[in-house]
There are 2 protein chains.
Amino acid sequence: MTAQARGLHARVLDSLGPAITAGEYPPGSVLRTDELAQRFEVSRSVMREVVRVLESMHLVASRRRVGVTVRPTEEWNVYDPQVIRWRLAGADRPRQLRSLTVLRSAVEPVAAGLAARHATAEQCAALTECALGMVATSRGRQLEGYLVHDIAFHRIVLDASGNEMFARLGDVVAEVLAGRTHHDVMFEDPDPAAVTLHVRVAEAVREGDAARAEALTREIAEGALRELDILAPPPAPTT
Amino acid sequence: MTAQARGLHARVLDSLGPAITAGEYPPGSVLRTDELAQRFEVSRSVMREVVRVLESMHLVASRRRVGVTVRPTEEWNVYDPQVIRWRLAGADRPRQLRSLTVLRSAVEPVAAGLAARHATAEQCAALTECALGMVATSRGRQLEGYLVHDIAFHRIVLDASGNEMFARLGDVVAEVLAGRTHHDVMFEDPDPAAVTLHVRVAEAVREGDAARAEALTREIAEGALRELDILAPPPAPTT
DNA sequence: GAGCTCAAAAAGTCAGACTTTTGAGTCACA
DNA sequence: TGTGACTCAAAAGTCTGACTTTTTGAGCTC
């Protein structure tokens with residue numbers, strides 16, 4: 001489904017990027033532009049542009065006489081949507097999902113609180129509609145329909161918060177939710193408690209009750225974390 | 001101070017990037033690669049690489065026969081450290097600082113809670129040291145020294161949380177804190193209450209008291225937001 | 001063994017030719 | 001008058017080859 005003929009640049013990038021984030025070229029590895037150009041059968045111009053983009057993502061560093069070095073993971077621009085997608089498609093997907101879910105658990109409650117203060121009438125209406133849509137699709141294995149409403153719901157909350165940084169996390173949340181539905185265990189209908197919580201968040205936002213919207217969203221987030229703990233156990237305790 | 005001779009690519013990027021984020025070329029504007037190459041007196045190869053990087057930041061979109069179009073603000077990769085820096089250097093710096101501070105207020109408390117659970121002995125020690133450093137420099141106009149410890153403190157908390165996404169916000173927090181000290185009103189010594197809170201957070205983390213670490217950090221964040229409300233009033237209320 | 005020189009390696013830059021896509025104008029036909 | 005097909009040119013995309021610059025490491029001297 002991912003477009004096949006978007007130009008050489010994009011194709012090479014979509015091949016090399018995931019390879020790097022997947023650890024196929026571990027940090028410290030040295031690549032050479034010319035060699036890569038040969039391997040991918042493109043001209044040096046194209047390969048140079050690819051390397052420049054990877055460099056801007058802090059995945060690699062390019063130095064004269066040395067080559068293109070893969071940077072340590074801690075330096076990657078892990079907020080780059082492209083990097084997020086590459087990593088979610090790769091092997092350490094579970095760890096990635098956990099990081100992102102924890103991030104959600106921090107951000108979304110605060111965003112919901114702000115949304116309660118700032119949401120427009122249209123946003124409140126859309127939110128309620130999403131919540132109802134979730135209720136309607138919460139039984140009978142209508143997972144795809146549920147997912148659509150779930151994503152829309154969280155996106156609206158983030159948008160309505162009025163904070164640009166929150167709003168831009170909409171795509172990330174969408175990826176996480178979609179990932180949960182599609183890849184991880186999801187043979188049963190969504191947790192009824194979660195559905196109810198969404199309805200109540202929509203209510204709280206509509207009524208402008210920031211504290212309640214925040215608290216309820218925190219419950220949703222905690223539920224998501226618990227769910228994750230069951231599916232993919234957290235990293236081994238240090239003790 | 002920002003390196004002067006890093007190659008043409010970086011120089012052009014650092015000239016064109018800020019121009020775009022500053023709104024000098026408003027969204028919808030159309031640029032042409034060749035024209036830009038002429039204007040900046042570089043070859044098309046260099047300009048193409050620059051455009052590719054801007055494209056990867058979602059600042060522009062490049063289409064055949066049309067040219068390079070500046071994208072609407074909502075689509076920019078506002079988490080890209082480079083974009084953050086460009087915008088903080090520009091005119092809408094105040095709005096930017098507010099967005100980032102709100103983000104901090106959501107993320108840091110949760111990070112502190114996790115840090116209380118996961119911090120190593122070394123991290124606890126370093127945290128305490130930073131807190132003491134803050135106390136020591138909190139009086140007598142030692143703003144620069146205070147800033148160093150403040151940045152280090154928050155960075156350690158984010159790192160110690162064990163969450164990669166949180167850890168990568170260290171640079172953002174550093175920018176925000178530095179910005180506050182350097183550009184905004186800061187003729188007086190730091191708020192003693194804030195200093196005390198930092199010391200207590202270090203304590204809570206050391207003792208593994210997640211709830212307290214989170215609550216105290218929330219107080220710090222609220223203080224920062226209040227401070228911002230005084231310096232730069234929030235956007236006009238919709239009512 | 002410390003310091004110096006130098007050559008090679010790899011990225012960086014440039015210039016020019018060619019290809020591909022696509023928006024817009026044009027013209028014939030209904 | 002409107003509509004559809006056709007043409008053309010503009011701009012990005014791609015390739016190639018030559019040249020420049022920086023950097024490192026090997027070899028040499030003292």
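Chain letters run A, B, ... following the sequence lines, proteins first, then strands; residues in each count from 1. These numbers come from a predicted model, not from an experiment.
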Salt bridge [X]-[Y], side-chain N to carboxylate O under 4.0 Å:
| X | Y | answer |
| --- | --- | --- |
| A/Arg48 | A/Asp34 | no |
| B/Asp150 | B/Arg180 | yes |
| B/Arg98 | A/Glu164 | no |
| B/Glu55 | B/Arg52 | yes |

Whole-Å distance between [N] [atom2] and [X] [atom1]?
| X | N | atom1 | atom2 | result |
| --- | --- | --- | --- | --- |
| B/Met47 | C/dG16 | CE | P | 18 Å |
| B/Glu55 | D/dA12 | CD | C1' | 10 Å |
| B/Leu13 | C/dG12 | CG | C1' | 15 Å |
| A/Arg6 | C/dT20 | CZ | C1' | 17 Å |
| B/His9 | D/dT22 | NE2 | P | 17 Å |

Without placing hydrogens or testing angles, list every side-chain donor-acceptor pair under 3.5 Å for residues 36-43 of chain B, not counting sequence neighbours.
{"unit_1": "B/Arg39", "atom_1": "NH1", "unit_2": "B/Tyr25", "atom_2": "OH", "d": "2.6"}
{"unit_1": "B/Arg39", "atom_1": "NH2", "unit_2": "B/Glu35", "atom_2": "OE2", "d": "3.0"}
{"unit_1": "B/Ser43", "atom_1": "OG", "unit_2": "B/Ser45", "atom_2": "OG", "d": "3.4"}

Result of checking B/Leu59, B/Asp80, B/Leu16 against B/Trp86 for side-chain contact (heavy atoms from CB on, under 4.5 Å):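 Between B/Trp86 and the candidates, side-chain contact (heavy atoms from CB on, under 4.5 Å) is satisfied uniquely by B/Leu59.
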Extract from the structure each pairing of a protein N or O with an N or O of nucleotides 21-24 of chain C at less than 3.5 Å, listing the distance.
{"unit_1": "C/dG23", "atom_1": "OP1", "unit_2": "B/Arg63", "atom_2": "NH2", "d": "2.5"}
{"unit_1": "C/dG23", "atom_1": "N2", "unit_2": "B/Arg65", "atom_2": "NH1", "d": "3.0"}
{"unit_1": "C/dG23", "atom_1": "N3", "unit_2": "B/Arg65", "atom_2": "NH1", "d": "3.3"}

5′-ward residue of the pair B/Glu49/B/Arg44 relative to DNA chain C: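 Result: B/Glu49.
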Phosphate oxygens OP1/OP2 of [N]: is one of them under 4.0 Å from a side-chain N or O of [X]?
| X | N | answer |
| --- | --- | --- |
| B/Ser62 | D/dG13 | yes |
| B/Arg48 | D/dA12 | no |
| B/Arg52 | D/dG13 | yes |

Short side-chain to backbone donor-acceptor contact, A/Thr101 and A/Leu97, under 3.5 Å: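 It does hold such a pair.
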Donor-acceptor contact present, side-chain A/Arg168 to main-chain B/Trp76, <3.5 Å: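 Present.
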Within residues 27-43 of chain B, residues whose heavy atoms come under 4.0 Å of DNA chain C: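 Going residue by residue through residues 27-43 of chain B, the ones with a heavy atom under 4.0 Å of DNA chain C turn out to be B/Val42, B/Ser43.
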Aromatic ring proximity A/His154/A/His198, centre distance under 6.0 Å: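 Centroid separation for A/His154 and A/His198: below 6.0 Å.
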